Number of protein chains: 2
Amino acid sequence: MSIGIDNVFETVATRPRTPSIIVGVAFPQRVKMSDVARTAGVSVATVSKVVNGRYGVAQATVERVQQVIHDLGYEADLGAQSLRSHRTNVLGILVAEFEPFSTELLKGASREVAGSGYQLLAYSSGDGEGAAIGWERRSLARLSGTLIDGAVIVTPTVVETKHGFHVVAVDPHTGPSGLPTVDSDNFAGAVLATNYLLSLGHRRIGHISGRPDLESARLREAGFRQAMADAGVAVDERLVRVGGFRIEGAAGTAAELLALPDRPTAIFAGNDLSAISTLDVARAIGIAVPDELSVIGFDNVPESALVDPPLTTIRQPLQRMGAESLRLLIDLIAGVERDAHIRLPTELVVRASCRPIG
Amino acid sequence: MSIGIDNVFETVATRPRTPSIIVGVAFPQRVKMSDVARTAGVSVATVSKVVNGRYGVAQATVERVQQVIHDLGYEADLGAQSLRSHRTNVLGILVAEFEPFSTELLKGASREVAGSGYQLLAYSSGDGEGAAIGWERRSLARLSGTLIDGAVIVTPTVVETKHGFHVVAVDPHTGPSGLPTVDSDNFAGAVLATNYLLSLGHRRIGHISGRPDLESARLREAGFRQAMADAGVAVDERLVRVGGFRIEGAAGTAAELLALPDRPTAIFAGNDLSAISTLDVARAIGIAVPDELSVIGFDNVPESALVDPPLTTIRQPLQRMGAESLRLLIDLIAGVERDAHIRLPTELVVRASCRPIG
DNA sequence: ATGAAAGCGCTAACAT
DNA sequence: ATGTTAGCGCTTTCAT
């Protein structure tokens with residue numbers, strides 16, 4: 001028994017709200033630095049020095065204050081602390097939403113940050129794709145002033161940073177520019193995907209392209225066209241359509257493609273989500289994959305292996321990209337001289353959604 | 001070709017650091033409220049009123065200020081704003097680290113938060129499991145004062161909150177207490193898993209239990225024992241061992257179990273990560289799964305389907321749990337009366353890591 | 001309708 | 001060695 005697509009993206013059902021219990025508990029108050037100071041019989045300045053390990057405090061005082069801090073469970077308020085010091089040891093990862101792509105990056109970043117002395121703060125603007133372009137600028141403005149020491153921005157379209165604030169872009173809008181970036185070899189990956197379909201005998205190959213404002217989407221389409229050209233196969237322009245990078249957007253595009261009288265025998269989807277969407281649409285209208293249609297995706301998010309049939313796709317080393325971007329950010333902050341553009345390889349992952357034509 | 005375990009948890013290789021480019025770009029300064037005020041020719045107080053939609057500002061002034069805000073790209077600093085107002089429209093999800101379990105919750109929460117008017121801030125203490133107990137308390141203290149209006153805490157062991165601050169615990173240390181909680185039916189799920197192994201004819205069944213301080217781990221072990229007892233099968237205590245909930249911790253335990261002279265024919269691992277670890281160990285010492293050993297996990301994280309062989313497991317509706325916990329938190333903040341304990345069902349997901357004995 | 005001023009919790013000169 | 005003070009960017013009385 002394999003898990004069908006319905007289970008891959010769990011439906012968040014609207015459940016009945018049965019009001020039955022009123023929740024109301026008495027809580028202790030938040031303890032602030034002044035509480036520590038009063039209890040320890042010193043000034044807040046002294047507590048601050050102890051907290052931050054500054055010189056000029058008697059050993060006995062240090063110990064007493066630390067004891068009180070421990071007893072009271074004091075923890076510095078991040079907002080107040082950063083407002084003043086502009087240093088928090090917190091690194092941000094800014095995403096539009098938490099979906100399979102960004103959460104894979106998060107896993108890699110999380111592993112990389114362990115032991116670095118930094119903590120990780122992932123911030124989602126809450127806007128889905130395109131819902132509000134410029135989310136990255138707004139999120140950055142909101143946090144960069146004080147809360148975080150640097151940021152990794154995932155799939156930004158607008159890039160603009162503040163003085164002295166370090167930013168690394170993952171899979172950015174533009175190709176490598178002045179901004180430090182981490183991405184994978186989208187062009188080569190697309191060639192890989194297309195060549196694979198060609199090697200299976202496919203000639204009528206469709207392409208659902210991603211967000212046109214994303215460099216990675218453009219490179220994937222370019223790779224597709226290059227591979228087709230190299231093979232001497234003409235691209236039927238009616239088979240190349242924008243689908244976006246999300247489930248919903250791609251569904252309509254996939255439906256258009258499959259409704260064509262001379263529909264493609266294979267589709268190279270711009271990413272796994274749109275490929276999964278294509279699988280969904282194909283099933284709905286009774287086209288068997290891979291028997292009647294081959295589908296290949298891009299990304300290799302975990303979900304790509306969970307669908308039926310398991311998706312053949314191009315792997316981007318997402319977790320590693322997350323780790324590399326965080327490492328790059330840390331190095332940048334530390335002033336380490338290093339190459340600020342990292343491009344990682346892609347590779348073909350053959351599963352079961354493609355088969356030879358015929 | 002399927003993806004082996006080595007690819008599931010991507011190795012973050014230590015790459016050569018080839019210093020080649022120094023990055024240094026000139027950035028514009030952060031624009032603050034006083035900049036807007038000066039440009040618009042009003043006071044910061046007036047700008048604040050406009051930003052927060054307060055009454056008492058002339059229409060013409062409102063428009064002029066909004067224009068300036070737009071032109072300058074002003075965005076309120078989260079730290080400063082919250083320090084003063086104690087209201088941010090940001091909800092926190094506190095986790096020890098970003099691993100498959102918490103990131104699934106994140107996906108569900110992210111979907112639920114869309115359109116709610118809230119933004120999501122996921123905070124990782126950076127400590128791995130057990131590295132520093134009390135991470136939840138410290139993270140909470142750090143953020144709850146100002147930055148977030150409420151929090152979902154994932155797998156907390158220590159629960160303690162501040163006055164007037166709303167917290168929802170997912171998969172908490174203790175059973176349902178005064179604190180609002182979201183979990184799944186761990187006991188029933190464990191019975192399901194054990195019965196499945198029993199139905200396959202297994203009698204020497206081992207159990208790698210999770211963090212003993214976690215209620216869910218205890219319930220899974222209890223369910224295991226209950227199912228065994230109900231079937232009239234004695235539990236060999238040497239086959240029940242603590243492994244923790246992470247890859248590393250479980251590996252040693254799995255190795256011990258499999259090195260036993262009369263080793264188990266089946267293992268019910270406390271969660272998918274320890275099950276995957278068991279698969280790994282089995283392969284390393286040449287025990288074939290499922291031919292010589294059946295393994296069943298718990299959670300159904302996406303990674304469970306990616307390993308070889310694909311893991312049979314007990315599904316927790318993780319994304320839904322994330323969504324429910326966020327909904328609960330939002331309702332709590334809004335003062336909605338409702339049941340503050342949500343328990344979701346578990347179900348068996350049969351893949352390929354178990355087979356009948358003999 | 002607008003602005004001056006106080007203060008949120010904290011850090012960093014600067015005094016003592 | 002410790003405390004006093006100013007102020008980070010913002011919101012909110014309270015005057016004007």
Side-chain angles (χ1 to χ4, degrees), chain A residues 29-66 68-69 72 74-90 141-149 162-165, chain B residues 29-65 68-69 72 74-90 141-149 162 164-165:
Chain A
Q29 273 295 347
R30 154 164 250 281
V31 20
K32 48 193 72 161
M33 192 176 270
S34 58
D35 297 322
V36 174
R38 188 167 359 89
T39 308
V42 294
S43 70
V44 291
T46 301
V47 177
S48 176
K49 282 171 192 154
V50 171
V51 168
N52 297 290
R54 299 277 177 277
Y55 293 111
V57 184
Q59 187 55 33
T61 310
V62 170
E63 281 162 17
R64 182 158 38 94
V65 170
Q66 278 172 339
V68 173
I69 287 175
L72 265 45
Y74 169 77
E75 201 72 26
D77 179 272
L78 185 57
Q81 184 175 52
S82 61
L83 179 57
R84 193 57 235 249
S85 71
H86 288 200
R87 229 297 158 138
T88 58
N89 284 319
V90 176
R142 205 116 202 262
L143 303 178
S144 72
T146 51
L147 287 180
I148 53 180
D149 296 344
K162 318 298 161 195
H163 174 72
F165 185 79
Chain B
Q29 272 295 347
R30 155 166 249 283
V31 20
K32 52 193 69 163
M33 192 176 270
S34 59
D35 298 322
V36 174
R38 189 169 355 90
T39 309
V42 294
S43 71
V44 290
T46 300
V47 176
S48 176
K49 282 169 192 154
V50 171
V51 168
N52 297 290
R54 300 276 177 275
Y55 292 113
V57 184
Q59 188 54 35
T61 310
V62 171
E63 280 162 16
R64 181 158 38 94
V65 171
V68 174
I69 286 175
L72 264 45
Y74 169 76
E75 201 71 28
D77 178 273
L78 185 57
Q81 186 175 51
S82 61
L83 179 57
R84 194 56 234 249
S85 71
H86 287 203
R87 232 290 162 143
T88 57
N89 285 319
V90 176
R142 204 120 201 260
L143 303 177
S144 72
T146 51
L147 287 180
I148 54 181
D149 296 343
K162 317 300 163 196
F165 186 79

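Within every chain, numbering begins at 1; the chains are lettered A, B, ... in the order of the sequence lines, protein sequences first and strands thereafter. Here the structure is a predicted model, which means the values were calculated and not measured.
Put simply, the side chain of Val51(B) reaches to within 4.5 Å of the side chain of Ile69(B), judged on heavy atoms. In this structure, the side chains of Val68(B) and Tyr74(B) stay at 4.5 Å or more apart for every pair of heavy atoms.
With a cutoff of under 4.0 Å to any heavy atom of chain B, the contacted region of DNA chain C is bounded 5' to 3' by dA1(C) to dG9(C).
Of the possible polar contacts, none joining the Arg87(B) side chain to the Ser85(B) backbone as a donor-acceptor pair under 3.5 Å is found. A donor-acceptor contact shorter than 3.5 Å links the side chain of Asp77(A) to the backbone of Gly79(A).
Within the nucleic acid shown, Thr61(A) comes within 4.0 Å of sugar-phosphate atoms alone, with no base atom in reach, counting heavy atoms only.
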Run Asp35(A) and Lys32(A) through salt bridge (Lys or Arg N to Asp or Glu O under 4.0 Å) and show every step you take. CA-CA 5 Å; Asp35(A) 297 322; Lys32(A) 48 193 72 161; 5.7 Å; no
Between Val42(A) and Lys49(A), does the side-chain contact (heavy atoms from CB on, under 4.5 Å) criterion hold? Intermediate values first, please. CA-CA 11 Å; Val42(A) 294; Lys49(A) 282 171 192 154; over 6 Å; no
Where do Thr88(B) and Leu78(B) land on the side-chain contact (heavy atoms from CB on, under 4.5 Å) test, with the steps shown first? CA-CA 7 Å; Thr88(B) 57; Leu78(B) 185 57; 3.9 Å; yes
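Closest approach of Ser43(A) and Ala37(A) over heavy atoms only: C-CB, 3.7 Å.
Rounded to whole angstrom, the span from the CZ atom of Arg64(A) across to the P atom of dA1(D) amounts to 14 Å.
Between Ile148(A) atom CD1 and His86(A) atom NE2 the span is 13.0 Å, to the nearest 0.5 Å. Taking CE of Met33(B) as the reference point, atom CG of Leu72(B) lies at 12.5 Å (rounded to 0.5 Å).
The end-to-end axis angle of the helix from dA1(C)-dT16(D) to dT16(C)-dA1(D), rounded to 10 degrees and based on five pairs per end, is 50°.
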Could you run through nucleotides 6-16 of chain D and give me one letter per nucleotide, 5' to 3': B if any protein heavy atom sits under 4.0 Å from the base, S if only the sugar-phosphate is that close, - if neither? BBBBBBB----
